[in-house]
Structures are given as C-alpha cells and as structure tokens.
Amino acid sequence: MKLARSFLIALFILVLTTISFAAPVVIKFWHVYDAGIAKQTIDQVVTDFNKSHEGKIRVEALGISFWDYWDKLRISIAAGQEPDVFVNDLGDVIMRASSGILLDLAPYLKKAGTDVDKTFFKAPLDMCRWKGGIYALPFETDVRLLFYNKDLFVKAGLDPNRPPKTWNELWQYADKITKKNAQGDYDVLGFNPLYAQSYFWMYVWGNGGDFIDEKGNLVVNSSIVVKSLTEWKQMVDRLGLDKLQKFNATYPLGLNDAFINGKLGMVIQNNTFFSQLRDYAPNLNYGVVQIPYPVKPVSWSNGFSIEASSRSRNKDAAAEFIIYLTSKTPSYLFAKNVSSLVGNREAAMSPDLMSNELWKLSVQTLDISRFRPFVLEYPLWYEDLQKTVETVLYGKSTPQKALDDLQKMIETQIQKYRLTH
Amino acid sequence: MPGKSIRSFWKRKSAIGYLFAAPWIIGLVCFILGPIVASFFLSFTTYDGINPPKWIGFMNYKILFTLDPSFLKALGNTFYYMFGSVFLKVLLGLILAVLLNNAGKFMGIFRTIFFLPVVLPAVPVMFLWMMLFNPTNGLINQFLGIFGINGPLWLNSPTWSKPAIILMSLWGIGGIIVIFLAGLQGIPTELYEAAELDGANKIQLFWKITVPMLRPVIFFNVVTGLIGASQVFAEAYIMTGGGPLESTTFVNLMIYKLAFKDVQMGYASAISVVMFLILVPLTIVLFRIYRRQAEF
C-alpha cells in the first residue's frame with residue numbers, strides 16, 4: 001500500500017515535470033515593423049525561429065506603428081512590464097545600459113561562439129558597447145549619401161558621369177545648375193546645405209574635426225568647429241538665408257520634396273531615399289555617390305538596435321532570440337526583402353546583394369561613416385548644436401561666441417546632471 | 001450597522017447621480033488628479049522612467065531658476081500665443097456671431113459651417129495649414145500677392161511663426177461663435193427697439209447694447225480661451241518642432257521634450273508645477289473678474 005502510494009506520487013511528479021518541461025518558454029518581442037514587406041519578413045523570421053525551437057522557446061512578436069512605438073515601449077518599461085526583447089534606437093543604447101534596464105549580451109554571445117567583431121559592422125556595434133559589455137546588437141543601420149539629378153547636370157553642361165568629389169567641386173557644379181526666377185527666388189537650386197539630411201556636424205567631421213576631445217569630453221568650440229561654422233555661414237550667406245528658407249518651406253520633404261520634383265541638383269539623403277524616388281519619381285534620372293568632403297570623406301549613420309530587458313524572466317531565451325535575429329540568415333532575408341542596411345556584416349556582404357551598385361556603395365560608406373557621439377549627461381547635445389548653428393545663420397551671434405556659449409551650456413548641463421544624479 | 005448606512009446611502013437620490021457620474025469621476029481621479037499629484041511628487045526627484053524616482057529636494061527648481069534660461073523664453077512664447085490668439089478669436093468671433101445673428105433663416109447653415117472645422121482631427125488640419133502657409137505656392141501668400149504684398153515665410157520665419165500659429169487657431173473659432181450666438185439670443189429685443197426709437201444707429205446699437213449685454217459671455221470666452229491656449233502644443237510639435245530660433249518652443253513642448261526625449265521626468269515635472277503655479281492664480285484672478293462682470 002505504502003509502496004503503491006509512493007509510486008503514484010513519483011508518477012505524478014514525473015508527469016508534472018514532463019508537462020512543465022514540454023511547455024515552451026514564451027518571450028515577448030516588440031518591433032516597429034507593423035506593415036508591408038518588413039512585417040512579413042519579421043513574421044517569417046519569428047516563425048522559423050519558433051519552428052526550430054519547438055517545445056523550448058516560443059516568441060510572440062508584436063509590430064507597433066513607428067509613431068506609437070516609442071511611447072508604448074517607454075510606458076511599458078516605466079510600468080515594469082516591458083517585453084523581453086525589443087527594437088530600440090541605436091543612437092542612445094548607453095542611456096538605457098547605464099540605467100540598468102538592458103541585459104548584457106556579452107556572456108551569451110561568448111557562449112554562442114559569436115565573434116562580434118567579425119559578425120557586425122564596427123561603427124554600429126560600437127554604439128552597443130558600454131563598460132566592457134554589449135548591451136544591444138545592431139539590427140538595421142543607414143548611411144548618408146549624395147543623390148544627384150543627371151538631367152539637371154546635362155542641362156547645366158556638366159558630365160552626368162562625373163559627380164563632385166570634394167566640397168569645392170560641389171559648389172562649382174551647384175552654381176552651374178542654380179537658376180533664379182524673375183522675383184530673384186530660386187527656381188532650381190544646385191545644392192542647399194540646409195535641406196534634407198545635410199547637417200552641420202557632418203561638415204565638421206568632413207573638415208577633420210571632432211566633438212569629443214582626447215580626454216573623452218564633449219567640446220564644441222575647438223578651432224576646427226569654429227572654422228567649420230564660419231565656412232558654413234559663408235555658404236549660406238552666399239545663397240541667402242531668406243531665399244534658402246523660402247526654398248525649404250516651398251518644398252517640404254515628402255511628396256513635395258525638391259529633389260523628387262526636379263528642383264534640386266544634388267541632395268544629401270539617407271540610403272533608403274531610393275525607395276521614395278522609385279515610388280514618387282520613377283522616371284527621375286539620378287546617380288548616387290559618397291558625400292563630397294572638404295578634407296576627408298565621411299558619412300553619418302544611425303539605426304535600430306535589438307535589446308533584451310535585464311528584468312526578463314527568460315534571459316537565456318531572450319538572448320538566444322536576439323543572437324538568432326541578428327545572425328546571418330535572418331539578417332540577409334531582411335536586407336534582401338526590405339532593402340535596409342543590416343548590421344550583420346556577413347549578411348550585408350552577400351554577393352547577390354553586393355551586385356546592386358547602391359547597396360555596394362552603402363556598405364562601403366559604412367566604413368567611413370560615424371555615429372553622433374553619445375553623451376550620457378547631455379544626450380540631446382546635437383539639437384542644441386543645431387540651434388547654435390541657427391543662431392549664427394540668423395546673424396544673432398558670431399561663430400566663436402555662439403560656440404563658446406554652447407560650450408558653457410554643455411558644462412551647465414553636465415553640472416545639472418551631476419546635481420540630480 | 002454599516003449595512004444600514006450603505007442602504008441609506010443608496011436610498012438617497014444623490015447616490016444615483018454619483019453612480020451615473022462615476023465614469024467621469026474615475027477618469028478625473030485616475031487621469032487628471034492622479035498625474036497632477038504624481039508630477040508634484042516627481043518634481044522633487046530624479047526620474048528616468050526606469051529606476052524608482054530618487055529624492056533630490058528642491059534641486060530641480062534651483063536648476064530651473066538659476067541654470068536654465070530657455071524656460072523664460074518658452075514662457076514668453078506661450079503668453080504671446082495665449083493673449084494673441086484669444087484676443088483675435090474673441091474679437092473675430094464676436095463680429096461673426098453678430099453678423100450670423102442677422103443672417104435670418106440661414107443662421108443654422110452658417111453656424112454649422114463655422115462649427116464644422118472644430119470637429120475635424122487636428123493633425124490633418126495642420127498639414128492643410130502648412131500647405132496654406134507655403135510661402136510660394138500657399139493660398140495665403142498668393143492672396144497677399146494679388147495686392148502686391150510679398151508675404152512672409154510664416155512658419156519658417158522667427159518673426160512670423162507665432163502669428164502664423166495664432167492665425168491658424170482661428171480655425172477653431174466655431175466654438176466661440178456658438179457661445180456668442182447663444183448669448184445674443186438672450187439679449188431682449190425690447191432694448192434694441194427702444195434704442196432704435198431713440199434714433200440709435202447700428203454701430204451705436206452694437207457698442208451700447210450688444211457689447212455691454214454680452215460682457216459676461218465675452219469674459220467667459222476670454223477666460224476659457226486663455227486657459228485652453230496655455231496648453232498649446234500640437235501645432236508646434238507637428239508644424240515647426242519649436243523653431244525657427246526657438247520662436248515656437250512653448251512650455252508644453254519643452255516639457256514634452258525634456259520628459260520623453262531627454263528622459264528627465266523629474267525636471268519636466270518641476271516645469272509643469274511652476275506652470276501650474278503661474279496658471280492657477282491667473283485663472284483665479286480671471287474668474288474673479290468674470291464673476292464681477294457677470295453680476296454687474
């Protein structure tokens with residue numbers, strides 16, 4: 001009797017454990033790919049993962065519209081109910097890493113035998129590093145390139161197969177393309193330094209400048225930045241700030257984009273701009289090259305990271321899914337279907353993708369491209385840099401004084417951070 | 001005993017009223033009073049939305065008043081918009097309401113037409129206004145061009161961006177017109193008849209009868225308008241991003257950016273509290289004046 005009872009108990013425990021072992025670990029994954037081919041591709045990747053991990057891990061993916069995503073994710077984190085794995089901004093991984101919300105993936109990568117330096121492009125991967133750990137993996141990234149209108153080149157008597165290489169050439173060509181109307185406004189503009197993705201910080205980098213000094217401090221009033229801003233103002237003044245503003249307001253980005261409408265000879269844009277051109281201006285005859293440079297070639301990147309919550313109850317499964325998602329095959333599938341530059345180097349370098357000229361150019365540009373440095377005490381410093389540039393362009397201050405003022409502001413912000421943290 | 005008091009509570013008629021108002025009361029407590037209390041508390045902390053808030057006393061306020069000049073600028077922008085838009089809306093609303101009041105049987109149609117924009121969703125309307133404000137192809141500058149006026153850059157000009165947003169706020173004038181119309185209906189016709197018999201002309205009727213009789217309604221519109229306008233946010237968020245030269249950085253936009261982009265919830269809460277402390281006395285003073293006007 002006693003034996004029978006213990007046998008029954010043992011059987012019961014056995015059944016219970018098999019059931020609980022059979023039930024897969026469920027992890028939640030939130031992303032921004034809520035429609036179209038991007039959603040289909042992510043769904044397929046998740047389905048493949050679930051199939052190959054049947055009975056062990058099940059990923060429940062949720063695509064949320066880009067415009068609602070950030071608030072929803074932020075609120076879920078504040079409530080302590082964030083998903084196990086989520087897409088986020090590659091530009092400020094450190095902000096979250098320092099707050100302790102992110103899981104350090106380095107031990108899991110090591111265990112999985114992933115050589116991160118070989119697997120991922122350096123610049124986006126560096127954005128995921130903090131204090132020796134790896135707190136995210138780069139899923140998608142981008143580069144800025146120069147798109148030029150070949151027909152406008154021909155009209156201006158320029159060789160459409162010889163795009164500008166240096167910033168001087170850019171202005172020489174631009175002046176030939178520019179046309180004014182009877183009122184003196186720009187009808188066609190060769191190049192507009194204040195339009196689309198043309199940002200002052202890229203010009204500083206192109207001049208060989210930097211915003212982080214050798215001690216790792218944010219410095220915006222070094223002589224090279226001042227020189228760059230002086231040149232930047234000269235460029236704008238030569239064309240007239242008022243006239244450029246009028247041009248910008250006349251051609252807001254999107255369907256009324258000046259380049260799409262053939263009103264702009266050259267424009268600095270994101271590498272994904274080609275899809276807008278394909279949809280809105282299928283007959284536009286254009287070429288793409290790296291951004292002309294004053295001193296050295298450079299581009300600017302940002303992108304999406306994949307991160308896991310440090311509060312996840314299934315850290316192993318979450319890390320395994322992230323490593324899978326950013327591995328070669330899923331990344332390749334995403335790159336091929338969505339035409340988005342993936343962080344996985346091996347996937348991006350696949351021969352069939354590299355046979356596309358624009359793709360090849362984007363991948364090559366990643367080597368010279370940079371991210372805006374992240375400053376924990378002052379994450380939005382670049383927005384204030386833009387405001388400073390604006391102040392100078394409007395003639396409210398001189399480059400030296402305005403940048404000195406910004407430097408003081410940086411010190412204030414750092415002081416503010418220290419006082420409150 | 002408690003059972004009895006509960007029963008007597010339900011027997012009272014007011015209980016049913018509270019029951020029907022419950023959804024609103026719950027909403028008020030959870031989504032308005034709760035957050036007000038929470039932001040008051042958070043203003044004394046450092047809070048990143050991830051880790052628990054850390055108490056830092058009055059530090060946020062100290063920083064706000066000693067290290068942050070941008071707040072005063074945002075406050076200036078907000079007051080500029082508040083008084084500009086309310087002045088224009090009330091003035092134009094009154095004129096239009098008086099005209100509509102004399103439109104006879106067409107009044108209903110016109111009232112509907114003027115009220116219609118109020119119910120349209122804000123974001124598409126803003127995109128529409130961005131097209132209207134386009135300095136080259138926009139209807140507004142093309143209209144000005146007929147008179148030989150070279151229109152400004154509107155949203156892209158540090159001088160004209162706030163007037164542009166004020167002009168845009170006229171879109172929602174229908175609400176004010178409807179309130180004025182209701183007020184106008186309440187003015188006894190005998191007053192006009194008597195004045196006409198005494199030989200008063202239309203303009204005299206307007207200034208000597210309509211305006212004084214409508215004074216409480218005018219003040220009501222001014223008071224509610226100012227309070228509403230202090231919340232200005234979406235226009236700047238969607239159309240200008242706060243620029244150019246921070247000319248459209250209103251307090252609410254600043255709070256939003258600090259709280260959700262800079263993740264300084266505590267500091268953003270401190271600004272909300274200061275804004276609250278500015279608006280509450282203002283509202284009390286305005287309502288005092290309003291009540292005195294209404295009693296006259």
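We name chains A, B, ... by the order of the sequence lines, and we start the count at 1 in each one.
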For this session: Rounded to the nearest 0.5 Å, what's the gap from CD on Glu246(B) to OG1 on Thr391(A)? Could you check?
Result: 7.5 Å

Exercise. Where does Asp262(B) contact chain A at under 4.5 Å (heavy atoms): side chain, backbone, both or neither?
Worked result: both

Exercise. Under a 4.5 Å cut-off applied to non-hydrogen side-chain atoms, are Thr250(A) and Asn137(B) in contact?
Worked result: yes

Exercise. How about Trp160(B): does its CH2 atom have over 12 heavy atoms from other parts shown lying under 6.0 Å from it?
Worked result: no

Problem set entry | Contact class of Met409(A) relative to chain B, heavy atoms under 4.5 angstrom | neither

Exercise. Is there a donor-acceptor pair closer than 3.5 Å between any side-chain N or O of Thr412(A) and the backbone N or O of Leu67(B)?
Worked result: no

Problem set entry | Identified side chain to side chain contact (heavy atoms under 4.5 Å, CB included) partner of Lys416(A) from the options Gln264(B), Met59(B), Lys62(B) | Gln264(B)

Exercise. Can you say whether Gln415(A) sits under 4.5 Å from chain B via the side chain, the backbone, both, or neither, judging by heavy atoms?
Worked result: side chain

For this session: Keeping the roles fixed (side chain from Arg74(A), backbone from Phe260(B)), state whether a donor-acceptor pair exists under 3.5 Å.
Result: yes

Exercise. Should we count CZ of Phe371(A) as having more than 12 external heavy atoms under 6.0 Å?
Worked result: yes

For this session: Look at the side chain of Asn51(B) and the backbone N and O of Ser99(A), then say whether any donor-acceptor pair between them is shorter than 3.5 Å.
Result: yes

For this session: Measure Glu82(A) against the heavy atoms of chain B and call it side chain, backbone, both or neither at under 4.5 Å.
Result: neither

Problem set entry | Heavy-atom check, side chain of Pro252(A) versus side chain of Asn134(B), under 4.5 Å | yes

Seminar exercise, completed: If one checks every heavy atom of Lys261(B) against chain A at 4.5 Å, the contacting part turns out to be both

Exercise. So which heavy atom on Pro244(B) is nearest to which on Glu390(A), and how close?
Worked result: CA-OE2, 3.6 Å

